[in-house]
Colleague: 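Below is a structure I'd like to ask you about.
In what follows, chains are A, B, ... by sequence order, proteins preceding strands, each numbered from 1.
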Number of protein chains: 4
Amino acid sequence: MSDREDQLVGEFPLIPKQERAQLKRDLLLKSGHELFILKGYEHTTAKEIAANAGVATGTFYRYFSDKRQLLMSLLEDQIEMLMPPEPKWGVSDPESTLASLLEAHDKRIKEMGMQRVLPELLAKDTEFAEVLAAAKRKIFTRILSGLTKAYAKGLTWKDLDLNTVTWSLMTLAEHAPEKVKQCGIVTDYREVAKVICRLIFPPEVIKNLQSEVSTVEKE
Amino acid sequence: MSDREDQLVGEFPLIPKQERAQLKRDLLLKSGHELFILKGYEHTTAKEIAANAGVATGTFYRYFSDKRQLLMSLLEDQIEMLMPPEPKWGVSDPESTLASLLEAHDKRIKEMGMQRVLPELLAKDTEFAEVLAAAKRKIFTRILSGLTKAYAKGLTWKDLDLNTVTWSLMTLAEHAPEKVKQCGIVTDYREVAKVICRLIFPPEVIKNLQSEVSTVEKE
Amino acid sequence: MSDREDQLVGEFPLIPKQERAQLKRDLLLKSGHELFILKGYEHTTAKEIAANAGVATGTFYRYFSDKRQLLMSLLEDQIEMLMPPEPKWGVSDPESTLASLLEAHDKRIKEMGMQRVLPELLAKDTEFAEVLAAAKRKIFTRILSGLTKAYAKGLTWKDLDLNTVTWSLMTLAEHAPEKVKQCGIVTDYREVAKVICRLIFPPEVIKNLQSEVSTVEKE
Amino acid sequence: MSDREDQLVGEFPLIPKQERAQLKRDLLLKSGHELFILKGYEHTTAKEIAANAGVATGTFYRYFSDKRQLLMSLLEDQIEMLMPPEPKWGVSDPESTLASLLEAHDKRIKEMGMQRVLPELLAKDTEFAEVLAAAKRKIFTRILSGLTKAYAKGLTWKDLDLNTVTWSLMTLAEHAPEKVKQCGIVTDYREVAKVICRLIFPPEVIKNLQSEVSTVEKE
DNA sequence: AATGAATGAGTATTCATTCAT
DNA sequence: TATGAATGAATACTCATTCAT
């Protein structure tokens, strides 16, 4: 049914204009997301994205200046998901907490499905790489501040550089999902969590923290 | 200049044919290397590689069946460099040893300059990803075997999974060079080495190993 | 010009979309036809066909997957024309009938203009050769069945193989148009028809048939 | 062994220069012939012809200005073979004679193997088409003269145009080898010969000629 | 706003021909 | 003469983007 007919028959336009536009934009984003994951960024064409979204090629360009911009919009929505969460140390058994955080993070990354596309982009798109680097710096600061507090409480190793520990922590957390591909071993988040915790806390601290928790739990 | 004239005017410093061909091949490899780093693999054309090497387009295809093959040749030369060296634990101060190994590895990677290109390839070229994964599995086994020996000697943490430690170790070593970009802090290999060592050895083991070394040095 | 203006300024002779597309397709077919005849199939490029049709290269590929497909479309329209018509023997003066059939056939072939291109295709394109061969076999069967009926009526030579006569008949009809080029003599369809008839009928049969006709005409 | 050494050791050049050159030329011709038949003219490259002949690419261009010239040389040698022989009518049983002539001609054509290439050339190469047409006109004249003599002796049909008969004769002879492909029937030269003879001679003439022969044979 | 036909610059690859050795 | 590496114009086809409807 055309716009013209709409007006002739006096049908009430159920969806407000802006909302309808937003709908198309979302359709396009979804379509792009699917295809980028399926075929890679470079090998997806604007025409395909439009067709897959059920709109005309030209419509794509009404909502996005180009393919790259669609991708950027996609990433803006998702970049938060890439960020590992900041754990609160010294509150509960750090190993269990971390293990479940890692697993949850991994899950979200997988749901997002953009891992396949990101490396291609990082390599090619300087601007995007910078956006991501900035995000990482932000999370770095957050984690570092957490560790600094733990350090002040005397919970962490005294002889390790906190900056380096923070970086190691992020690096391991970020790459944990790839463990299988690289080494042929299934990722056991509990073990990764133990290793990461060892980077931060001396074993006896962990024990104390764990017993505190169980004490609390028993009470 | 004819053959006859050659003899009249005496020796002309001719480069043997094979050598000349090798020269061109090398020129092309070098040119491809430069451009892949500069513009990324996908955005470099065979024509450009040839032009940048100062030869005609057709010449490119005499030496390489296509762009991908040139890249593969490039990588064959360099894949060894990607492999972190296997350290001998318990022989000398592990932290210093590891620090210098990391630094050397990082240096080679930087010389190679392919970091920018690799992620793009891994995402796109399944075959290449498999080659690299295989190489990584190999190095994984080597490192694990080293750690197992150290474990047998009672040098390592007793409560950490050696597989996971090995993976962490490789991951940190591999990504150490990116530390700057990601966190804005200059990579201090000494600190990274200390962190990695902490993953493997309890602090007192390190101390013992270091004192042994200094004892030997003093004698 | 906007939709709104359209209505203000009155009717603008818009060609419906589909028709316009058909128009372009036809332009391209015509252009391809011209160039194939002018330069041969192999030496005509898609780009040229497009340029000659006054459209962009890409437009060519919107309507045809490639050069070969355009040619096939061209031939589909024309293959019927290649088929010599099946004459009804014994109904009227066979020589006159045949002569006019030959002339008409020749005319159509010339209009089609593809003679120059066909040999090239037959040599190169096995699939096409088979299509044409199948068509020829079909017409062969039709003609043979006509001759068999004439044979049953005792109209034909008794000592000639009907298969061979059929083949000869087709061959002569097919190549009649080339007579000029090959021998420098203008094609007189009447004479070719007489020759072909002699292959089929003894002279006295022809005479009888002709007198029957004139008898009927006189009545 | 190089030319230089040849001269130093005083070895006697067994093959005279010219002859050696002729040898290479022949090798190239043979190689081109093979490949043209195998892959078609357009799809054979000069490099391949040279390689297949066991010489360098450049050598090809010493002996032939280009691919086309090689082909022309090839055809010059073979064009005679394309010419159907001129039969002497009225000397022996015309049907048998013609049958064996046709068979021999067909055989030579097949040996020559160029049928696959000729149509491609005729379509593309005007000059070549003219050369061939000229040759055909020559043979046309020869055959026509034979027929005229037979006509003078009262051997031929009186009501058929000799030009047209000549052309029909040539056309049928030329295309006889294709009979199988076109109609799915094996070529029986005896039947084709009978048909062709019927075009020329009334049946009773043939009978007379045949009986004469057997009379002569009996004597 | 929406459409999708049209555009044409851009890409990988081939091959006839030249020319330094 | 012979070589074969080098050349670069040419070709088929794609796709981001525009624009008339």
Colleague: For the pair made of NE2 in D:His43 and P in F:dA12, what is the distance, rounded to whole Å?
Modeller: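 Value for this atom pair: 11 Å.
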Colleague: If I take atom CD1 in residue D:Ile49 and atom P in nucleotide E:dA16, what distance separates them, rounded to the nearest angstrom?
Modeller: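 Going from CD1 in D:Ile49 over to P in E:dA16 covers 8 Å.
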Colleague: Send over the distance from A:Phe64 CZ to F:dT18 P, rounded to a whole Å.
Modeller: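 It is 16 Å, rounded to the nearest whole Å.
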Colleague: Go nucleotide by nucleotide along DNA chain E from the 5' end; which of C:Gly58 and B:Thr57 gets its closest nucleotide reached first?
Modeller: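 Per heavy-atom nearest nucleotide, the more 5' residue is C:Gly58.
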Colleague: Count the heavy atoms of every other residue, nucleotide or ligand shown that sit under 6.0 Å from NZ of C:Lys47, and state whether that count exceeds 12.
Modeller: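 No, the 6.0 Å shell around NZ holds no more than 12 heavy atoms from other groups.
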Colleague: How close do D:Leu28 and D:Ala50 get, heavy atom to heavy atom, and via which atoms?
Modeller: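 D:Leu28 and D:Ala50 have their closest heavy atoms at CD2-CA, 4.0 Å.
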Colleague: Any side-chain N or O of B:Lys47 under 4.0 Å from OP1/OP2 of E:dT11?
Modeller: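 Looking at the OP1 and OP2 atoms of E:dT11, neither is under 4.0 Å from any side-chain N or O of B:Lys47.
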Colleague: Select from B:Phe60 and C:Thr59 the residue whose nearest nucleotide in DNA chain F is closer to the 5' end of that strand.
Modeller: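 That would be B:Phe60.
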Colleague: Which nucleotide, if any, forms a Watson-Crick or G-U wobble pair with E:dA9, using both distances under 3.5 Å?
Modeller: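 Check on E:dA9: paired to F:dT14, both distances under 3.5 Å.
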Colleague: With a 3.5 angstrom cut-off on both distances, give the Watson-Crick or G-U wobble partner of F:dT21, or none if there isn't one.
Modeller: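 Answer to the pairing question: E:dA2, which forms a Watson-Crick or G-U pair with F:dT21.
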Colleague: If only atom types and distance count, is the side chain of B:Glu34 paired as donor or acceptor with the main-chain N or O of B:Ser31 below 3.5 Å?
Modeller: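 No.
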Colleague: Can you see if the side chain of D:Arg62 gets near the phosphate of F:dT1 - specifically, an N or O under 4.0 Å from OP1 or OP2?
Modeller: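 For D:Arg62, the contact criterion (side-chain N or O under 4.0 Å from OP1 or OP2 of F:dT1) is not met.
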Colleague: Can any side-chain N or O of D:Tyr41 pair as donor or acceptor with the backbone N or O of D:Arg68 at less than 3.5 Å?
Modeller: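 Between the backbone of D:Arg68 and the side chain of D:Tyr41 there is a qualifying donor-acceptor contact (under 3.5 Å).
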Colleague: Contact class for B:Tyr63 (heavy atom, under 4.0 Å): base, sugar-phosphate, or nothing?
Modeller: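 Result for B:Tyr63 = sugar-phosphate.
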Colleague: Could you give the CG-to-C1' distance, from B:Leu28 to F:dA6, as a whole number of Å?
Modeller: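 The answer, rounded to whole Å, is 12 Å.
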Colleague: Provide, to the nearest angstrom, the distance between the CG atom belonging to D:Leu70 and the P atom belonging to E:dA16.
Modeller: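 In whole Å, E:dA16 P lies 12 Å from D:Leu70 CG.
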Colleague: What nucleotide, of E:dG4, E:dT17, E:dG8, holds the atom closest to the side chain of C:Ala56?
Modeller: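 Closest of the options to the side chain of C:Ala56: E:dG8.
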Colleague: Would you mind reading off the distance between C:Arg68 atom CZ and F:dC13 atom P, rounded to a whole angstrom?
Modeller: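 Atom-to-atom, C:Arg68 to F:dC13, this comes out as 12 Å.
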Colleague: Please determine whether a side-chain nitrogen or oxygen atom of A:Lys67 lies at a distance below 4.0 Å from atom OP1 or OP2 of F:dA16.
Modeller: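 It does, given that an N or O in the side chain of A:Lys67 lies less than 4.0 Å from OP1 or OP2 of F:dA16.
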Colleague: Are the side chain of A:Lys24 and the backbone N or O of A:Ala53 linked by a donor-acceptor pair below 3.5 Å?
Modeller: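 Side chain of A:Lys24 to backbone of A:Ala53: no pair is present.
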Colleague: Write down the distance between CG (B:Asp66) and P (E:dT13), rounded to a whole number of angstrom.
Modeller: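 To the nearest whole Å, that distance equals 5 Å.
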Colleague: Let me know the distance between CD of D:Glu42 and C1' of F:dA10, rounded to the nearest Å.
Modeller: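 After rounding, the reported distance stands at 13 Å.
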Colleague: Closest approach to the side chain of D:Tyr61, judged atom by atom: which nucleotide of F:dA12, F:dT3, E:dT17 is it?
Modeller: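 Selected nucleotide (nearest to the side chain): E:dT17.
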Colleague: Look at all strands and tell whether C:Thr45 reaches a base, only sugar-phosphate, or nothing, counting heavy atoms closer than 4.0 Å.
Modeller: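 The answer is sugar-phosphate, as C:Thr45 gets under 4.0 Å only of primed atoms, P, OP1 or OP2.
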